[in-house]
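Shown next, in structure tokens, is the structure this report addresses.
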Amino acid sequence: GRNEKMVKIFELIHHIAPYDSSVLIIGESGTGKELIANAIHYNSPRASMPFIKVSCASLSEGIIESELFGHEKGAFTGAIASRKGRFELAHQGTLFLDEVEDIPPATQIKLLRVLQEGEFERVGGIRTIKVNIRILAASNRDLQEAVKKGAFREDLYYRLNVVNIKLPALRDRRDDIPFLVHFFIEKYNEKYHMRVKGISQKAMNFLTDYEWTGNVREIENTIESILVINSPGVIDIQHLPQEIRDVKERPEMIPIKIGTSLEEVEKEMLIQTLKATKGNKRKAARLLGVNVRTIHRKIEEIQNLTSTS
């Protein structure tokens with residue numbers, strides 16, 4: 001991305017990469033947390049050493065400790081041989097814990113020990129193993145809220161959160177959408193040996209207006225789908241998925257007559273913005289630069305005026 005928020009994140013990555021401080025990457029699903037972790041590792045002095053990734057959400061409570069710390073032969077039914085865990089495999093390198101909020105409380109205690117002392121025992125083992133690793137963690141949830149609810153250890157949170165990187169959602173950096181669209185067109189042109197020349201401005205307007213709840217991952221999947229299904233010379237509106245075509249372009253202007261009272265201007269702005277966002281109050285608040293509570297209050301005021309008139 002080229003958005004100002006992303007440029008600042010890139011600058012931060014280059015600044016912190018040489019150090020061994022833990023980094024907590026926060027962002028919605030699909031915003032590119034793993035790419036940020038990759039960038040930190042491969043710009044660090046550990047770049048030539050292992051970079052081990054773990055999706056904590058994909059591991060059940062019964063096997064997560066074995067996956068992270070390894071196990072000894074006979075530690076449990078099915079443990080027919082000793083096995084190294086991800087921490088041992090990442091020795092001298094970097095361990096990336098994705099969806100770290102899903103680590104069970106009992107395992108959180110052992111993870112905290114590794115962060116503090118750099119040592120652990122395999123499941124069923126008595127030998128203390130020392131490791132030298134850098135920890136990168138990612139979450140798509142508010143870990144501070146999880147701490148308040150008692151679902152995540154406060155001391156572990158602060159150990160992970162030495163450096164905090166918050167990735168903006170794609171809807172909060174819409175100026176990056178055209179750049180991403182052209183990037184993915186080029187990527188899949190090369191991958192599938194296609195010759196798609198670009199995208200029409202009208203089609204781009206629809207893509208820019210779309211919410212992209214799946215963020216960068218969703219826009220990449222959409223461009224790949226358009227190319228493999230249509231093989232267009234130039235992407236146009238008819239090539240877009242129906243759910244994107246159903247989104248109308250945001251109006252650029254709301255005409256206001258000279259002499260209109262400020263109260264009427266405010267009312268008209270709110271009504272037209274809500275129409276443009278199909279009643280989505282959060283989106284309307286974002287477009288108008290106010291919080292959602294203000295939108296609700298203004299709607300109540302308009303309804304009260306209408307009912308009394």
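Excluded from the calculations below are hydrogen atoms, water molecules and symmetry mates; all remaining heavy atoms, backbone and side chain alike, are included.
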Between Glu218 and Thr213, is there a donor-acceptor pair closer than 3.5 Å when you use the side chain of the first and the backbone of the second? yes

Could you pull out all donor-acceptor pairs under 3.5 Å where a side-chain atom in residues 144-154 meets a protein atom, sequence neighbours excluded?
unit_1 : atom_1 : unit_2 : atom_2 : d
Arg153 : NE     : Asp155 : OD1    : 3.0
Arg153 : NH2    : Asp155 : OD2    : 2.8

How long is the straight-line distance from CG of Asn189 back to NE2 of His182, given to the nearest 0.5 Å? 12.0 Å

With sequence neighbours left out, the residues meeting side chain to side chain donor-acceptor pair (under 3.5 Å) with Glu220 are Lys187, Tyr188

Between Arg134, Lys53, His41, which is the residue that forms a side-chain hydrogen bond (donor to acceptor under 3.5 Å, both in side chains) with Thr94? His41

Check the pair Glu4 / Lys8 against salt bridge (charged side-chain N to carboxylate O under 4.0 Å, His left out), numbers first and verdict last. CA-CA 6 Å; Glu4 182 182 354; Lys8 288 181 179 178; 3.6 Å; yes

Which residues pass the salt bridge (charged side-chain N to carboxylate O under 4.0 Å, His left out) test with Asp20, not counting sequence neighbours? Arg46

Please, which pairs that meet ring pair (Phe, Tyr, Trp, His ring centres under 6.0 Å) have at least one residue in residues 212-242, sequence neighbours excluded? Tyr210-Trp212

Evaluate the side-chain contact (heavy atoms from CB on, under 4.5 Å) criterion for residues Ile295 and Leu288: first the C-alpha distance (whole Å), next the side-chain angles of each, then the deciding distance (0.1 Å), finally the verdict. CA-CA 9 Å; Ile295 296 293; Leu288 293 172; 3.9 Å; yes

Is the number of heavy atoms from other residues, nucleotides or ligands under 6.0 Å of Gln116 CD greater than 12? yes

Do the side-chain N and O atoms of Ser29 and Asn140 include a donor-acceptor pair separated by under 3.5 angstrom? no

Any ion pair linking Lys33 and Glu28 (charged N to carboxylate O, less than 4.0 Å)? no

side-chain contact (heavy atoms from CB on, under 4.5 Å) with Glu67: of Val123, Val54, Leu59, only one passes, and it is Leu59

Are Leu227 and Tyr192 joined in one hydrophobic group, where the rule is that I, L, V, M, F, W and Y side chains link up if heavy atoms are under 4.5 Å apart? yes

With sequence neighbours excluded, what pairs up with Lys5 under the side chain to side chain contact (heavy atoms under 4.5 Å, CB included) test? Asn3, Pro168, Asp172

Regarding Tyr157 and Asn161, do their side chains bring together a donor and an acceptor under 3.5 Å, going by distance alone? yes

Donor on one side chain, acceptor on other, Asn205 and Thr208, under 3.5 Å: no

Only counting residues at least two apart or in another chain, list the ones meeting side chain to side chain contact (heavy atoms under 4.5 Å, CB included) with Arg113. Glu117, Glu119, Glu121, Thr128

Test side-chain contact (heavy atoms from CB on, under 4.5 Å) applied to Glu301 and Lys267, step by step: CA-CA 9 Å; Glu301 290 176 2; Lys267 176 182 175 182; over 6 Å; no

What is the ring orientation for Phe69 with Phe87, classed by angle as parallel under 30°, tilted 30 to 60°, or perpendicular over 60°? parallel

So if you build clusters from Ile, Leu, Val, Met, Phe, Trp, Tyr with side-chain heavy-atom gaps below 4.5 Å, do Phe96 and Leu156 land together? no

